[in-house]
Amino acid sequence: MKINNLNKVIVPIAGLGTRLLPATKAIPKEMLPVVNKPIIQYVVEEIIEAGFKEIIFITHSSKSSVENHFDQSFELETILKKRVKRRLLKEVKSISNLKISIQTIRQGQALGLGHAILCAKPIVQKEPFAVVLPDMLIKKINEKNDLFELKKEFEKSGKSQILVGRIQKKDVSSYGIVKLQNHLIKSIVEKPSLKKAPSNLFVIGRYIFNNDFFKYLKNNKSSNSGEFELTSAIQSFIKDNNEIYSRKLSGNYYDCGNKLGYLKAIVDYALQDEEHGKEFKKYLKNNYS
Ligand code: UTP
């Protein structure tokens, strides 16, 4: 039974994407393509499939192409119509006819992920909310995606939820790492050294919080680098006896915020592409096996 309706998702896209420079000097990393769609489109499709009704993009002045991508393009549609490119026209139209409302709010300065999420408070108001980090692509393997399951669990229990996955020990210093007791998250630490990591379970960028969490984002202290991190707000939330439950990832993840993860995404998505997947596989076999 549903007792806690969850409709809103915050998608922060105001970061600078420095790990993918120079590709991201003039193009937002969310607009980099994986096969024939920008990364952000896969993420928006995942959110719609999970059953959310509203997306709040936290943006920056350099990210207008993300907003434009989801807007109607009359000029392009007119040209495609004139040239009788029916399939392309249908595809282009479907992007601006998505069954979800999209709002944007600016984060004037990239002061960190925690700060970016707090910027959405005037829109979220008193409701619970999800946070989806768009540089992490998750390819589902079950009928329902992980975000859907996370949402379903929250709506049943009203307890905050975080999706976690296993990584190789050598990679713990690149992510937020959690310590669990059964499914309950006991603590979280941002980018720990291998020695200090409490486990090899990392936070994958899909979160659901009850509204109280905003208080912890507001009182959050900045890190040594001057950023207001999400991890430190989560740790304070837990310390105050607020429960956050973990759910293990079932799909495959691709961290497109770094070069290697982005390359893996391109290859895997290309191999499964309906139009060219088979030929691409043959190409790889002939040239690289
Ligand atoms: P990251 O730290 O992974 O992304 O933030 P980044 O800052 O864009 O990239 P690098 O580290 O310089 O390569 C995770 C998410 O949080 C957003 C980013 O856009 C990304 O989607 N973010 C980060 C903000 O919206 N605002 C910020 O101040 C920081």
Side-chain angles (χ1 to χ4, degrees), residues 8-32 34 38-44 46-47 55-67 69-70 102-124 129-138 147 162-165 167 171-177 188-192 202-207 209 213-214 217-218 220-234 253-265:
K8 294 185 165 122
V9 188
I10 301 169
V11 182
I13 56 170
L16 300 175
T18 54
R19 283 169 294 161
L20 292 179
L21 280 170
T24 48
K25 185 166 175 246
I27 300 168
K29 73 174 163 188
E30 299 78 15
M31 288 304 291
L32 295 176
V34 170
I39 291 170
I40 191 71
Q41 195 177 326
Y42 291 95
V43 173
V44 167
E46 175 193 342
I47 292 171
I55 291 178
I56 304 155
F57 282 141
I58 310 299
T59 70
H60 177 262
S61 56
S62 63
K63 306 273 177 155
S64 54
S65 56
V66 176
E67 293 162 61
H69 183 71
F70 294 101
I102 296 180
Q103 301 190 63
T104 59
I105 199 157
R106 284 271 178 99
Q107 182 190 23
Q109 235 184 317
L111 291 177
L113 178 55
H115 177 262
I117 297 166
L118 184 61
C119 291
K121 188 162 189 301
I123 301 182
V124 175
F129 57 96
V131 174
V132 167
L133 302 191
D135 44 11
M136 196 62 92
L137 281 186
I138 301 181
L147 189 61
I162 293 183
L163 191 67
V164 302
I167 36 164
D171 292 328
V172 289
S173 55
S174 303
Y175 297 96
I177 304 294
I188 182 165
V189 47
E190 182 67 15
K191 302 186 175 82
F202 82 112
V203 165
I204 305 185
R206 304 293 182 269
Y207 316 76
F209 296 110
F213 186 62
F214 273 131
L217 287 171
K218 206 168 164 210
N220 204 5
K221 297 221 164 60
S222 62
S223 65
N224 292 341
S225 62
E227 287 198 34
F228 293 88
E229 290 171 351
L230 173 58
T231 308
S232 54
I234 296 176
Y253 77 89
Y254 303 90
D255 184 354
C256 294
N258 71 65
K259 222 193 304 184
L260 185 60
Y262 177 56
L263 289 174
K264 286 178 185 170

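For ligands, and for the atoms within them, numbers begin at 1 and follow the listed sequence. Numbers for residues simply follow the sequence, beginning at 1. Note that the structure is predicted; figures quoted are calculated from it, not measured. All values below come from the heavy atoms of this structure, side chains included, with hydrogens, waters and symmetry mates left out.
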So which heavy atom on [X] is nearest to which on [Y], and how close?
X      : Y      : answer
Val172 : Pro192 : O-CD, 3.5 Å
Gln41  : Phe70  : CA-CZ, 4.1 Å
Pro134 : Ile13  : CG-CG2, 3.6 Å
Met136 : Ile204 : CG-O, 3.1 Å

Taking any residue with a non-hydrogen atom under 4.0 angstrom from an atom of ligand 1, which ones do you get?
-> Pro12, Ile13, Ala14, Gly15, Leu16, Gly17, Thr18, Arg19, Lys29, Glu30, Gln107, Ala110, Leu111, Gly112, Leu113, Ala116, Pro134, Asp135
Mind checking whether Phe214 and Phe129 have parallel, tilted or perpendicular rings, split at 30° and 60°?
-> parallel
Taking the six-membered ring for Trp, are the ring centroids of Tyr253 and Phe202 within less than 6.0 Å of each other?
-> yes
